[in-house]
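Have a look at the structure below before the remarks.
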Amino acid sequence: MVEKVKTGIPGLDEILNGGIPRRNVVLLAGGPGTGKTIMGQQFLYYGLKNNEPGIYVALEEHPVQVRINMQQFGWDVKDYEDEGKFAVIDAFTAGIGEAAKREKYVVPSPDDFPTLTDLVRQAIRDLNAKRVVVDSVTTLYITKPAVARSIVLQLKKVLSGLGTTSILVSQVSVTERGFGGPGVEHAADGIIRLDLDEVRGKLYRSIIVWKMRGTAHSMQRHPFEITDKGIVIYPDKTLSVDRGVSA
């Protein structure tokens, strides 16, 4: 039996047939405004509530803002940080600024990938972390797409090798059909795509699981909403989108 990790995101575990297989590295791809960051943070917070320490790698946002954004959904991580169960790895500020000086894990330069992986490895061991979210992995290779697959594979070796179940947030443009970098879809164990489509003059959010090693999963596109408590997916509903003609 494959051990599953419950995401705690309403509807997602249903379409994943029980959750994400433990140790899987999942690419969470989508365009702007689709809810990628929220989904990643919701996954981490559910883990914290269920005694699974977690790590958030902040590549595109100040760690202070990350905590503020999480708190807006009722996900207050301060006590978990104090208890050594949650940590933010600051790969955004390069240690510049007073707030950044108070961070425990700081990557001196956003493009210093070896130091980033060393800090991720150290933090996982320090916390005995079970869940990791990297937001966004695209930042690591956006100026050098040729190394995208290599970077995802190197992260996978660290994350999966140390026993964590991980989400790598991947950015795609609104019209892009891929997953945010050449070859990354082959390196990841799972791919979840979030989309925002116009249907008859209104925007709809939807989710589709492209692949997930180790489990059967829904092959349909499901609508979801972002509420004041996070993301809610409707596994009993489907959304049909033919780019340009939607129903």
Side-chain angles (χ1 to χ4, degrees), residues 2-5 7 16 19-31 34 36-37 39-41 43-44 47 52-60 87-92 105-173 176-194 208-215 217:
V2 174
E3 187 182 358
K4 302 283 184 68
V5 172
T7 66
L16 287 173
I20 299 171
R22 192 168 294 280
R23 289 180 179 256
N24 267 15
V25 174
V26 177
L27 206 64
L28 180 61
T34 51
K36 303 181 300 298
T37 294
M39 182 171 284
Q41 293 172 349
F43 168 76
L44 284 177
E52 289 200 341
I55 293 164
Y56 185 87
V57 183
L59 280 148
E60 299 219 319
V88 178
I89 294 179
D90 177 7
F92 177 77
Y105 303 101
V106 181
V107 182
S109 172
D111 59 0
D112 187 351
F113 185 64
T115 300
L116 173 63
T117 52
D118 285 345
L119 277 176
V120 169
R121 190 181 288 112
Q122 179 189 336
I124 290 171
R125 287 172 173 155
D126 288 350
L127 275 66
N128 191 25
K130 303 300 180 188
R131 302 184 182 214
V132 177
V133 171
V134 179
D135 189 5
S136 76
V137 70
T138 319
T139 307
L140 299 172
Y141 51 74
I142 196 163
T143 59
K144 42 194 176 191
V147 300
R149 186 171 184 270
S150 170
I151 281 178
V152 171
L153 278 172
Q154 289 178 66
L155 276 173
K156 181 179 174 179
K157 285 178 184 175
V158 174
L159 298 170
S160 184
L162 290 172
T164 68
T165 305
S166 310
I167 289 176
L168 309 181
V169 173
S170 176
Q171 298 176 5
V172 296
S173 65
E176 190 178 341
R177 297 293 294 137
F179 304 105
V184 294
E185 63 270 24
H186 302 295
D189 297 306
I191 300 173
I192 298 174
R193 167 95 186 207
L194 304 183
I208 189 165
V209 180
W210 283 90
K211 78 169 184 178
M212 190 64 64
R213 287 184 188 134
T215 184
H217 58 82

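All values reported here derive from a predicted model rather than from experimental measurement. Just the heavy atoms: all of them, side chains too, but no hydrogens, waters or symmetry mates, feed the values below.
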> What pairs with Asp126 under salt bridge (charged side-chain N to carboxylate O under 4.0 Å, His left out), at least two apart in sequence or on another chain?
Replying inline: none
> Do His186 and Val152 come close enough that some side-chain heavy atom pair is under 4.5 Å?
Replying inline: no
> How about Tyr105 and Ile55: do any of their side-chain heavy atoms sit closer than 4.5 Å?
Replying inline: no
> Taking all atoms of both residues into account, what is the closest heavy-atom pair of Tyr141 and Val147, and its distance?
Replying inline: CB-CG2, 4.0 Å
>> Tell me if a side-chain donor or acceptor on Thr139 pairs with a main-chain N or O of Asp135 at a distance below 3.5 Å.
In response: no
> What are the two closest heavy atoms between Ser166 and Thr164, and how far apart are they?
Replying inline: OG-OG1, 3.0 Å
> Is the closest side-chain heavy-atom distance between Val5 and Arg131 below 4.5 Å?
Replying inline: yes
> Does the distance from a Lys or Arg side-chain N to an Asp or Glu carboxylate O, for Lys130 and Glu52, drop under 4.0 Å?
Replying inline: no
>> Tell me the closest heavy-atom pair linking Val158 and Arg121, and the distance in Å.
In response: CG2-NH2, 3.3 Å
>> Taking Leu27's backbone N and O only, do any of them form a donor-acceptor pair with Ser170's side chain (distance below 3.5 Å, no angle check)?
In response: no
> Looking at Arg149 and Val184, what are the two nearest heavy atoms and their distance?
Replying inline: N-CG1, 4.2 Å
> What is the minimum heavy-atom distance between Leu127 and Gly54, and which atoms define it?
Replying inline: CD2-O, 3.7 Å
> Is any side-chain heavy atom of Leu168 closer than 4.5 Å to a side-chain heavy atom of Leu159?
Replying inline: yes
> Any side-chain heavy atom of Val26 within less than 4.5 Å of one from Asp189?
Replying inline: no
> Counting N and O atoms only, with roles assigned by atom type, does the side chain of Arg23 sit under 3.5 Å from a partner on the main chain of Ser160, one being a donor and the other an acceptor?
Replying inline: yes
> Would you call Gln41 and Val133 a side-chain contact if the rule is heavy atoms closer than 4.5 Å?
Replying inline: no
>> Return the CG to CG distance between Leu59 and Leu140, rounded to the nearest 0.5 Å.
In response: 5.0 Å
>> We want to know whether Ser136 and Lys36 form a side-chain donor-acceptor pair, criterion being a heavy-atom distance below 3.5 angstrom.
In response: no
> Any side-chain heavy atom of Lys4 sitting closer than 4.5 Å to one from Pro21?
Replying inline: yes
> Does the pair Ile167 and Leu44 meet the rule for a side-chain contact (heavy atoms from CB on, under 4.5 Å), with working shown?
Replying inline: CA-CA 10 Å; Ile167 289 176; Leu44 284 177; over 6 Å; no
> Could you give the distance from OG1 (Thr7) to CE (Met39), rounded to the nearest 0.5 Å?
Replying inline: 7.5 Å
> Shortest non-hydrogen contact from Thr115 to Pro108?
Replying inline: CG2-CD, 3.7 Å
> Is there a donor-acceptor pair closer than 3.5 Å between any side-chain N or O of Asn24 and the backbone N or O of Thr165?
Replying inline: no
> Take atom NZ in Lys211; do more than 12 heavy atoms of anything else shown fall under 6.0 Å from it?
Replying inline: yes
> For Tyr56, which of Ile89, Thr37, Val132 qualifies under side chain to side chain contact (heavy atoms under 4.5 Å, CB included)?
Replying inline: Thr37
>> Measuring from atom CE of Met212 to atom CG of Leu16, what distance do you get when rounded to the nearest 0.5 angstrom?
In response: 5.0 Å
